[in-house]
Amino acid sequence: MRNVAPFVRRPLSMTPLIDVIFLLLLFFMLSSTFSKYGEIELSNAVGGNATSDTPTERLFLQLGSERLILNGQPVSLADLETQLESGQVLVSLDADTTAQRVIDVLVRLRGRDGLSILVLE
């Protein structure tokens with residue numbers, strides 16, 4: 001015998017779909033960060049023929065992942081602030097320097113009067 005009852009389609013329930021959407025929304029809201037990232041202004045070293053009337057003291061800073069050398073002498077990050085008073089600091093980056101290391105040095109040196117920092121490529 002054949003089943004002669006007609007096929008009846010039941011209405012689809014939207015409740016499970018809404019529950020899943022709210023769970024995804026909750027997950028993404030809790031896992032994201034809403035903090036504002038700080039910005040540090042970098043100036044590129046550009047060539048030019050403009051000369052200044054007042055000579056500035058130029059300091060050369062070599063920055064690596066584990067080393068910090070100021071004019072050929074090893075220096076710690078804490079001592080760097082006291083040794084740099086004014087002038088122009090040329091920062092040379094080693095190949096293994098991380099971005100966090102550069103930011104650490106630039107944060108220590110920013111906002112000082114009479115001190116300009118150039119990051120060399």
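With contacts defined as side-chain heavy-atom distances shorter than 4.5 Å, the pair Phe60/Arg58 does not qualify. In this structure, Leu120 and Val91 have side chains that are not in contact, with every pair of non-hydrogen atoms separated by 4.5 Å or more. Here the side chains of Leu63 and Arg101 are in contact, with some heavy-atom distance below 4.5 Å. Leu80 is listed as a side-chain neighbour of Val105, based on a closest heavy-atom distance under 4.5 Å. Between Phe22 and Leu26, the closest side-chain pair of non-hydrogen atoms is not below 4.5 Å. Between Asp94 and Arg67 there is a side-chain heavy-atom pair separated by less than 4.5 Å.
When the options Leu93, Leu90, Leu61 are evaluated for a side-chain contact (heavy atoms from CB on, under 4.5 Å) with Val119, the one that passes is Leu93.
Rounded to the nearest 0.5 Å, atoms CD (Gln73) and CG (Asp79) are 12.5 Å apart. For the atom pair CD of Gln88 and OG of Ser116, the computed distance is 4.5 Å after rounding to the nearest 0.5 Å.
Among residues two or more places apart in sequence or in another chain, the side-chain hydrogen bond (donor to acceptor under 3.5 Å, both in side chains) test is passed with Asp96 by Ser65.
Under a hydrophobic clustering in which Ile, Leu, Val, Met, Phe, Trp and Tyr are joined whenever their side-chain heavy atoms come within less than 4.5 Å, directly or via other members, Leu23 and Met14 fall into different clusters. No continuous path of ILVMFWY side-chain contacts below 4.5 Å connects Leu30 to Leu25, so the two sit in separate hydrophobic clusters. Clustering ILVMFWY residues whenever any of their side-chain heavy atoms sit less than 4.5 angstrom apart, transitively, puts Ile117 in a cluster other than the one holding Ile69.
For the salt bridge (charged side-chain N to carboxylate O under 4.0 Å, His left out) condition, no pair includes a residue of residues 6-20, sequence neighbours left out.
Across Pro74 and Gly72, no two heavy atoms sit closer than the pair CD-O, 4.0 Å.
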